[in-house]
Amino acid sequence: MSEEKSLNFLEEIIEQHLAEGRYEHIHTRFPPEPNGYLHIGHASSICLNFGLAKKYGGKCNLRFDDTNPVTEETEYVDSIKYDIKWLLDAIGTSWDGEYYASDYFDKLYEFAVDLIKKGLAYVDDSSADEIAATKGSTTEPGMNSPYRDRSIDENLQLFAGMKEGKYKDGEKVLRAKIDMAHPNLLLRDPLMYRIKHAHHHRTGDKWCIYPMYDFAHGQCDSIENITHSICTLEFIHHRPLYDWFIEKLGIYPSKQYEFARRNLSYTVMSKRKLLQLVNEKHVAGWDDPRMPTISGMRRRGYPAQAIVNFCDTVGIAKRENVVDLGVLEFHVREQLNKTAPRMMAVLNPVKLIITNYPEGQTEELDMENNPEDENGGTRKVPFSRELWIERDDFMEEPPKKFFRLGPGLTVRLKGAYIVQCEGFSKDDNGNITEIRCTYLPESKSGHDTSGLKVKGTIHWVNAHTAKTAEVRLYDRLFKVENPAAEEGDFKSYINEHSLQVLSAVYVEPALADAQPGQQFQFLRMGYFTVDSKDSAPGRPVFNRTVTLKDSWAKEKAKD
RNA sequence: AGUCCGAUGGUGUAAUGGUAGCACUACAGAUUUUGGUUCUGUCUGUCUAGGUUCGAAUCCUGGUCGGACUACCA
């Protein structure tokens, strides 16, 4: 009964490599740069690299690509590790080693010296502008640097001087001697080392020269015996360079494979843009629940398992893509539907008075915590004469197929009784201030002998025992599907209504003690999670994770 | 313009020379004390023009369209 699951192109490559005995085990790595928070695109890469290792009995390292001390910080290292662990727990695996490119700075320096000795690298005194100017273009070859033919001894001496701090930032660089006319611009004597008198988050002030990505990444892979170095498509032009360094150095031949990065509709994914949103305060931080970051999604209430399932079902390939946000939301609902206890909360309240219910009487009704969970159990919910119901659940002049309250209409109060609307009051502005109804005592939930069938069921909260809470309703961060592809500044497409704060929502009494991170389904309203930052004891803040599917809203929209 | 990569329903992803499938979405229906869930069904696709072949989404050639590259970032 084995279900044939088709392989993605990387799994095919790996299975072939394993089958032909090229590798006994695979070894992958996830190489984040600690200069920002991880986002959903990284989640794809995490699921891929760690998932592949798990599936084929291999290993996967965590390696921080920390070769640029100017932008990299320990804060980012910590958040990245936390996020990865959170996802890895859902996958059911863990990283096999925690490494840093900076662990290999000594080794990389030796590699550079080796290339100089082989006549394959030289110290260039040219300025950044000069190097750019002599680089050529896509249609024209570049020009050799006047320093290209220095002797090996001179290069050795100058490079040592660079390391010793004899020169200022930008005064000299070490370049590979390849071909200034190469059609691949990256092979036109690429930079290997630059001078940066900057404090590094791990090596401190030991170094004032730092390797460039191209001279670090492949060699780090090689040092760790990585078999399959998986990265995104934009590195495809780097592959010849990746191979060139490894070949000339004569070290373990790790191989690079590229896949298309994952894009999500109605958001942006580049770290540069996300950093801009944070710095310019368009959001409250990297973990703002509207951000496509792992930490934002966690705070929003997206389960790790939902993110992992999303990555798995969407898969990978090599073509440009924009995945519909709805797919992610589907997986979020799928998880939460199984796990989130149902509770009642009235977001936009209006008073409902049951005129024939005895004043001063309260009963405790048994309500099911989760119809999708056999072991969910029940809870007691107070019910009495005055309730809060949702303002949207009443219409003075209801259209056909409105299965809620209106003059003369009948609904069931969830878990309680069937009521019929008998009247309502309005203030001078025409706002409904109070709805009056009568109830059928014999229609009590679970003991209904009324024989009545009602079309609609609405939620409610008992007025005098209700607690208030803050609720934050989130919507997509951008108004357009692909902000990065639009004309002009992506920030002009920000959805200014992406956050709506409701400061006085009525909730069931039990909800007052909800703990940060706890998740609920507010009946008919959506899934909510207790905010981990802004909740206070006894006064939780609920973030709306995602709405429920709403076929009534769709029906209404048809008009 | 040079090099490289890509093109399958609205979206994402399979089919590796032999029935174009799956998921999401949309639509219709059944069930439902959440207009939720669940279940059933339906619609929609191989960029284009040639070629090879008994047979092409798949292989070949030309074209079209989209993307990446021209940082002392990764």
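This one's a predicted model, so the numbers in the text were calculated from it and none came from an experiment. The figures that follow rest on heavy atoms only: side chains count, while hydrogens, waters and symmetry mates do not. Numbered from 1 within each chain, the chains take letters A, B, ... in sequence-line order.
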(request) Can you tell me the pairing partner of B:G17 across any strand shown, Watson-Crick or G-U wobble, with both distances under 3.5 angstrom? (result) none
(message) Need one value for A:Gly446: base, sugar-phosphate or nothing, where a base atom within 4.0 Å counts as base even if backbone is also close, heavy atoms only.
(response) base
Write down the protein N/O and nucleotide N/O pairs, taken from nucleotides 71-74 of chain B, whose separation is under 3.5 Å; answer none if there are no such pairs.
from, atom 1, to, atom 2, distance (Å)
B:C72, N4, A:Ser126, O, 3.2
B:C72, N4, A:Ala128, N, 3.0
B:C72, N4, A:Gly170, O, 3.0
B:C73, OP2, A:Arg194, NE, 3.1
B:C73, OP2, A:Arg194, NH2, 2.7
B:C73, OP2, A:Lys196, NZ, 3.2
B:C73, O3', A:Arg194, NH2, 3.1
B:C73, O2', A:Asn68, ND2, 3.3
B:A74, OP1, A:Thr67, OG1, 2.7
B:A74, OP1, A:Arg194, NH1, 3.4
B:A74, OP1, A:Arg194, NH2, 2.8
B:A74, OP2, A:Tyr213, N, 3.0
B:A74, O4', A:Glu33, OE1, 3.4
B:A74, O3', A:Asp65, OD2, 3.1
B:A74, N6, A:His238, NE2, 3.3

(request) Give one of base, sugar-phosphate or nothing for A:Arg342, where a contact means two heavy atoms less than 4.0 Å apart. (result) base
(request) Both distances under 3.5 Å, Watson-Crick or G-U wobble: report the partner of B:U61, or none. (result) B:A49
(request) Just name whichever nucleotide pairs with B:A71, Watson-Crick or G-U, keeping both distances under 3.5 Å, else none. (result) none
(message) Going by side-chain contact (heavy atoms from CB on, under 4.5 Å), A:Leu174 matches just one of A:Leu191, A:Leu115, A:Ile116. Which one?
(response) A:Ile116
(message) Using the P atom as the point on both nucleotides, what is the distance between B:G18 and B:C39, in whole Å?
(response) 33 Å
(message) Regarding A:Arg261, tell me which of base, sugar-phosphate or nothing describes its non-hydrogen contacts under 4.0 Å with the strands shown.
(response) nothing
(request) Verify the contact: side-chain N or O of A:Lys554 to OP1 or OP2 of B:A26, cut-off strictly under 4.0 Å; return yes or no. (result) yes
(request) Look at all strands and tell whether A:Phe403 reaches a base, only sugar-phosphate, or nothing, counting heavy atoms closer than 4.0 Å. (result) base
(message) At 4.0 Å (heavy atoms only), tell me whether A:Gly415 reaches a base, stays on the sugar-phosphate, or touches nothing.
(response) base
(message) Once you apply a heavy-atom cut-off of 4.0 Å, does A:Glu329 come out as touching a base, just sugar-phosphate, or nothing?
(response) nothing
(request) State yes or no: are the ring centers of A:Phe528 and A:Phe542 separated by less than 6.0 Å? (result) no
(message) For B:A23, give the paired nucleotide (Watson-Crick: N1-N3 plus N6-O4 or O6-N4; G-U: N1-O2 and O6-N3; both under 3.5 Å), or none.
(response) B:U11
(message) Side-chain N or O of A:Arg319 versus OP1/OP2 of B:U13: is the shortest distance under 4.0 Å?
(response) yes
(request) Show your reasoning for whether side-chain hydrogen bond (donor to acceptor under 3.5 Å, both in side chains) applies to A:Tyr302 and A:Gln519. (result) CA-CA 10 Å; A:Tyr302 287 14; A:Gln519 295 176 292; over 6 Å; no
(request) Quick one: look up who B:G36 pairs with, Watson-Crick or G-U, both distances under 3.5 Å, and put none if it's unpaired. (result) none
